[in-house]
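Before any comments, here is the structure.
Below, chains carry the letters A, B, ... as their sequence lines are ordered, and counting in each starts from 1.
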2 protein chains.
Amino acid sequence: MNEYDALKLKNQLCFPLYAVSKEITRMYKPFLDPINLTYTQYITMMVLWENDGLNVKTLGEKLYLDSGTLTPLLKKLEQQGIVTRTRHKENERNVTINVTPKGYALREDALKVPEQIVKCLHLEPEEGAMLYKILYKLLDQSK
Amino acid sequence: MNEYDALKLKNQLCFPLYAVSKEITRMYKPFLDPINLTYTQYITMMVLWENDGLNVKTLGEKLYLDSGTLTPLLKKLEQQGIVTRTRHKENERNVTINVTPKGYALREDALKVPEQIVKCLHLEPEEGAMLYKILYKLLDQSK
DNA sequence: TACAATTAAATTGTAAACAATTTAATTGTA
DNA sequence: TACAATTAAATTGTTTACAATTTAATTGTA
């Protein structure tokens with residue numbers, strides 16, 4: 001229509017991505033509050049539950065987060081008694097993160113979270129699959 | 001496969017959404033740095049360029065942001081001389097945001113940002129259109 | 001008209017998020 | 001072996017982001 005069309009919010013792909021991401025994070029809050037995790041702590045625990053004993057760097061690669069975000073977050077999880085942080089003996093530059101028994105107990109409580117979220121997202125299965133595929137295509141590009 | 005499958009990162013739709021959103025925001029940085037805007041400031045200016053004279057509440061509805069985020073952000077834009085913030089005479093609860101001439105001059109510089117971003121995102125046109133459609137479907141649900 | 005309820009911004013407090021720098025350990029090489 | 005280069009975490013500083021609360025203005029109603 002006019003010369004500034006490229007700068008209209010409705011013509012951006014980044015904006016609905018940004019807004020939906022925030023809204024979904026907010027949607028998790030009432031389900032994560034009872035188990036005392038924030039959204040970022042929750043996805044961090046997901047990776048650790050699957051992969052105990054990762055170091056900060058590898059954890060960051062999987063989550064697309066750096067040590068500036070992870071170090072304080074992991075210290076909070078440590079304070080809660082959910083993980084331990086120990087310098088690796090062989091290479092003291094690495095810090096190994098381990099899930100404690102309390103951390104594994106939390107996994108049981110967390111099991112009900114995904115099903116509650118699915119109920120809130122009203123997408124056709126094909127739409128969900130398509131969204132997933134396109135997002136990972138984009139994510140793979142930034143590696 | 002096993003009882004904890006629902007808690008695997010690869011089985012979440014939220015995670016690639018969250019990660020892609022962050023990566024794209026990061027991708028904007030080198031293009032926004034020269035015009036002295038952060039990503040959030042940039043999309044805020046997009047709305048204001050299109051719609052001068054909005055109040056904080058309406059701006060927040062369009063951007064899915066609250067006054068806790070917008071107030072300090074708008075103060076920074078005011079300090080840069082890009083917008084003005086004035087209490088509305090008729091209803092002093094409202095603060096009206098106006099774009100200054102300097103703010104409109106910035107719009108000219110911002111024009112080149114979208115084309116630079118498009119070059120970085122390697123998506124088929126149909127994929128982009130599909131992504132856009134699904135994201136707005138989700139966004140409309142959270143209203 | 002009084003005053004309760006509502007509303008819009010701002011404020012407070014906490015947790016991300018990340019760029020840039022620093023620290024300490026390890027590795028590579030002259 | 002010395003020491004430069006690299007690497008992994010941690011730290012510093014700035015900006016978001018949002019829940020919860022506060023402040024001040026307006027609106028509704030008894």
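- Atom CG in B:L59 sits about 13 Å away from atom P in D:dT16, given to the nearest Å.
- Of the residues near DNA chain C, A:H88 and A:Y64, the one whose nearest nucleotide (by heavy atom distance) lies more toward the 5' end is A:Y64.
- Atom-to-atom, CG of A:L73 to C1' of C:dA15 comes out at 9 Å; the value is rounded to the nearest Å.
- Under the 4.5 Å side-chain heavy-atom criterion for ILVMFWY residues, no single connected hydrophobic cluster contains both B:V118 and B:L121.
- Partners of A:Q80 according to the side-chain hydrogen bond (donor to acceptor under 3.5 Å, both in side chains) rule, which considers only residues two or more places apart in sequence or in another chain, do not exist here.
- For the pair B:K76 and D:dT14, the criterion of a side-chain N or O lying under 4.0 Å from OP1 or OP2 is not met.
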- Item | Watson-Crick and G-U pairing of DNA chain C, under 3.5 Å, as dot-bracket with | and [ ] | ||||||||||||||||||||||||||||||
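- The stretch residues 13-42 of chain B comes close to DNA chain C through B:Y18, B:K22, B:R26, B:K29, each having a heavy atom under 4.0 Å from the strand.
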For residues 71-79 of chain A, tabulate all N or O donor-acceptor pairs below 3.5 Å that involve a side-chain atom, not counting sequence neighbours.
unit_1: A:T71; atom_1: OG1; unit_2: A:S67; atom_2: O; d: 3.0
unit_1: A:E78; atom_1: OE1; unit_2: A:R85; atom_2: NH1; d: 3.1
unit_1: A:E78; atom_1: OE2; unit_2: A:R85; atom_2: N; d: 3.4

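- For A:Y64, there are no ring pair (Phe, Tyr, Trp, His ring centres under 6.0 Å) partners two or more places apart in sequence or in a different chain.
- Among residue pairs with one or both ends in residues 3-37 of chain B, those qualifying as ring-ring contact (aromatic ring centres under 6.0 Å, His included) are A:Y39-B:Y18, B:Y28-B:Y39, B:Y28-B:Y42; sequence neighbours excluded.
- Applying the ring-ring contact (aromatic ring centres under 6.0 Å, His included) test to residues at least two apart or on different chains, the pairs with a partner in residues 124-143 of chain A are A:Y132-A:Y136.
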- Task: At under 4.0 Å between heavy atoms, which parts of nucleotides 1-12 of chain C does protein reach? Answer with one letter per nucleotide, 5' to 3': B base, S sugar-phosphate only, - none.
- Result: ------BSSBB-
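- For residues 52-71 of chain B, the salt bridge (charged side-chain N to carboxylate O under 4.0 Å, His left out) pairs, not counting sequence neighbours, are B:K57-B:E61.
- Here C:dT23 presents its C1' atom at 13 Å from CD of A:E92, a figure rounded to the nearest Å.
- Here A:N91 pairs with A:R93 under the side-chain hydrogen bond (donor to acceptor under 3.5 Å, both in side chains) rule; sequence neighbours left out.
- Listed by first and then second residue, the salt bridge (charged side-chain N to carboxylate O under 4.0 Å, His left out) pairs that reach into residues 110-134 of chain A are A:E127-B:K137, sequence neighbours excluded.
- More than 12 heavy atoms of other residues, nucleotides or ligands lie within 6.0 Å of CE in B:M27, so this atom counts as buried by the packing criterion.
- Residues passing the side-chain hydrogen bond (donor to acceptor under 3.5 Å, both in side chains) test with A:T84: none are found, sequence neighbours excluded.
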